[in-house]
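Only a predicted model underlies this, so the values are computations on that prediction, with no experimental measurement involved.
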Amino acid sequence: MDSGLILLIFLAFLFAWGLNRVRRALRLGPVAYVGVMVVFVIAMLAIWGQTIR
């Protein structure tokens, strides 16, 4: 596995943990949580795809 991909997976878990804490503090619903995670995953895959070239 590429080390950059492993780092992105670690960052995704860290981001999900932080977002869960923020979601509880702001009382966001599950739809908002899923929306933010989907945008994050797409952005990280786009950044990772640019580094492969």
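To the nearest 0.5 Å, atom CD1 of residue Ile47 and atom CG of residue Leu11 are 9.5 Å apart. Summarising the geometry, atom CG belonging to Leu7 is positioned 9.5 Å from atom CE belonging to Met44; distances are rounded to the nearest 0.5 Å. Rounded to the nearest 0.5 Å, atoms CZ (Phe15) and CE (Met37) are 6.5 Å apart.
Legend: residues meeting side chain to side chain contact (heavy atoms under 4.5 Å, CB included) with Val34, ordered by chain and number and at least two apart, are Val38. For Val41, the side chain to side chain contact (heavy atoms under 4.5 Å, CB included) partners at least two apart in sequence or on another chain are Leu45.
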